[in-house]
Q: 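One structure is given below, represented as structure tokens, and several questions about it will come after.
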2 protein chains.
Amino acid sequence: MKKIDIFKKLRTSGLRPTKQRVEIAKFLFDRDKTFHFTVESLNKLLEKKTTSKFALATIYNTVHAFKDAGHLSEVEVRGKKTYFDTNVSNHHHFYDSETSELIDINANEVVIQKIPKAPNGKKIKNIEVFINLKN
Amino acid sequence: MKKIDIFKKLRTSGLRPTKQRVEIAKFLFDRDKTFHFTVESLNKLLEKKTTSKFALATIYNTVHAFKDAGHLSEVEVRGKKTYFDTNVSNHHHFYDSETSELIDINANEVVIQKIPKAPNGKKIKNIEVFINLKN
DNA sequence: TTTATAGTTTATAACGATTCTAAAGTGAAA
DNA sequence: TTTCACTTTAGAATCGTTATAAACTATAAA
């Protein structure tokens, strides 16, 4: 991902490119593979990888702005912390509760043959398949 | 469900049949259809339907004991509150985010044709299909 | 029955994740 | 450069949940 794309992510999220936001955006989006994180884990990683400091509120604000703009998705995980995903395409997840680790499953790796009709007056927005793992 | 079943639920959960617990168990299990709730919603309903008073801690403790004994299941829902379900069989859910309402889907109403292999060394514990609804 | 005791309820404190606040700081247009 | 709306920040507040400790109660032995 080019530097210009980082600024595009920020611009399309309605965010001015401040030092912190550029660092966060680079950290999140300048990578090849999907990245799953919580605000807490992101904060720790940012502290390690950069020289800047980040207030938790800044990370929350920025992550939510990216999410609202569709650059991050929130993953359905039971538990206290909210998990985010840089993969915003339609896809599914393995969840390893031993390690609290999420693993992406491409949409085409799951084929659903039969699904019930949505209740009266409602439509199906999306289908999430969640595969819990054990050892 | 007969009264004796209520006491069985309590006994098999390692709980003495106190006034509060009997009320909670009756409220949860003496019904024909699946019931979804959060601790907060359960508390409000108990206040309305019974003359007893319940400390929140009592409801938390009792609900968790039922869950640990397998009489309640916890549902995967994004958000702060924990949702419980009196349906403990293997099944799936619709979720209507407009009303925060969960609707059960019987396991046989969903047929999955293709699923990826579990990652190295891991096994699949269970598969949860979550269908988000919109209007 | 009474009594002893292990288990229970309760109000409140503590907790952890998240959100809010208000003051100090900063980017960008004029 | 100056101005001002937008940002960052530290810390307070909030929300759901869990822990605590004192008062209460079911149970079973005496």
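Lettering follows sequence order; numbering is per chain, from 1.
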Q: Using the ring-ring contact (aromatic ring centres under 6.0 Å, His included) criterion, which residues pair with H71(B)? Sequence neighbours excluded.
A: none

Q: Pull out every residue in residues 55-75 of chain A that has a heavy atom closer than 4.0 Å to any atom of DNA chain C, ordered by number, or say none.
A: A57(A), Y60(A), H64(A)

Q: Listed by chain and number, what are the side chain to side chain donor-acceptor pair (under 3.5 Å) partners of N61(B), not counting sequence neighbours?
A: none

Q: What is the separation between atom NZ on K53(B) and atom C1' on dT12(C), rounded to the nearest whole Å?
A: 14 Å

Q: I'd like to check the side-chain contact (heavy atoms from CB on, under 4.5 Å) partners of S73(A); sequence neighbours left out, ordered by chain and number.
A: D85(A), V88(A)

Q: Between dA10(D) atom C1' and N43(A) atom CG, what is the distance in whole Å?
A: 14 Å

Q: How close do P17(B) and F7(B) get, heavy atom to heavy atom, and via which atoms?
A: CB-CE2, 3.4 Å

Q: Could you give the side-chain donor-acceptor pairs of residues 42-58 of chain A under 3.5 Å, partners two or more places apart or in another chain?
A:
from: T50(A); atom 1: OG1; to: L46(A); atom 2: O; distance (Å): 2.8
from: T50(A); atom 1: OG1; to: S52(A); atom 2: N; distance (Å): 3.4
from: S52(A); atom 1: OG; to: E23(A); atom 2: OE2; distance (Å): 2.8

Q: Less than 4.0 angstrom between a side-chain N/O of T18(A) and OP1 or OP2 of dT8(D), yes or no?
A: yes

Q: Report the residues that fulfil side-chain contact (heavy atoms from CB on, under 4.5 Å) with T82(B), sequence neighbours left out, ordered by chain and then residue number.
A: E74(B), F84(B)

Q: Respond yes when some side-chain nitrogen or oxygen of T82(B) is under 4.0 Å from OP1 or OP2 of dG16(D), and no when none is.
A: no

Q: I'd like to know if the side chain of T62(A) and the backbone of I59(A) have a donor-acceptor N/O pair within less than 3.5 Å.
A: no

Q: Going by ring-ring contact (aromatic ring centres under 6.0 Å, His included), name the residues that satisfy it together with H36(A), two or more places apart in sequence or in a different chain.
A: H93(A)

Q: Using whole Å, report how far CD of E40(B) lies from P of dT18(D).
A: 15 Å

Q: Given atom OH of Y83(A) and atom C1' of dA17(C), what is their separation to the nearest angstrom?
A: 13 Å

Q: Taking only side-chain N and O atoms of Q20(B), does any of them lie within less than 4.0 angstrom of OP1 or OP2 on dT10(C)?
A: yes

Q: Applying salt bridge (charged side-chain N to carboxylate O under 4.0 Å, His left out), which residue pairs with at least one partner in residues 124-135 of chain B are found, sequence neighbours left out?
A: R78(A)-E128(B)

Q: Would a 4.5 Å heavy-atom cut-off, applied to side chains only, mark I103(A) and I105(A) as touching?
A: no

Q: Collect all protein-nucleotide pairs involving nucleotides 13-15 of chain D in which both atoms are nitrogen or oxygen and the distance is under 3.5 Å.
A:
none

Q: If I take atom CD in residue E23(A) and atom P in nucleotide dT7(D), what distance separates them, rounded to the nearest angstrom?
A: 17 Å

Q: Please list each protein N or O that sits under 3.5 Å from an N or O in nucleotides 2-7 of chain C, with the distance.
A:
from: dG7(C); atom 1: O4'; to: R16(B); atom 2: NH2; distance (Å): 3.2

Q: List in chain and number order the residues that pass ring-ring contact (aromatic ring centres under 6.0 Å, His included) with F35(B), two or more places apart in sequence or in another chain; answer none if no residue qualifies.
A: F27(B), F37(B)

Q: Please report the distance, rounded to the nearest Å, between CD1 in I24(B) and P in dT8(C).
A: 13 Å

Q: Starting at atom CZ of F54(B), determine the distance to atom P of dT12(C), rounded to an integer number of angstrom.
A: 19 Å

Q: For K19(B), answer base if it contacts any base atom (sugar-phosphate contacts may also be present), sugar-phosphate if it contacts only those atoms, and nothing otherwise; contact means non-hydrogen atoms under 4.0 Å.
A: nothing

Q: Can you tell me the distance, in whole Å, between the CZ atom of R11(A) and the C1' atom of dG27(C)?
A: 15 Å

Q: Tell me which donor-acceptor pairs under 3.5 Å the side chains of residues 112-124 of chain A have, and how far apart each pair is, sequence neighbours excluded?
A:
from: K114(A); atom 1: NZ; to: N108(B); atom 2: O; distance (Å): 3.2
from: K122(A); atom 1: NZ; to: D96(B); atom 2: OD2; distance (Å): 2.7
from: K122(A); atom 1: NZ; to: N135(B); atom 2: OD1; distance (Å): 2.5

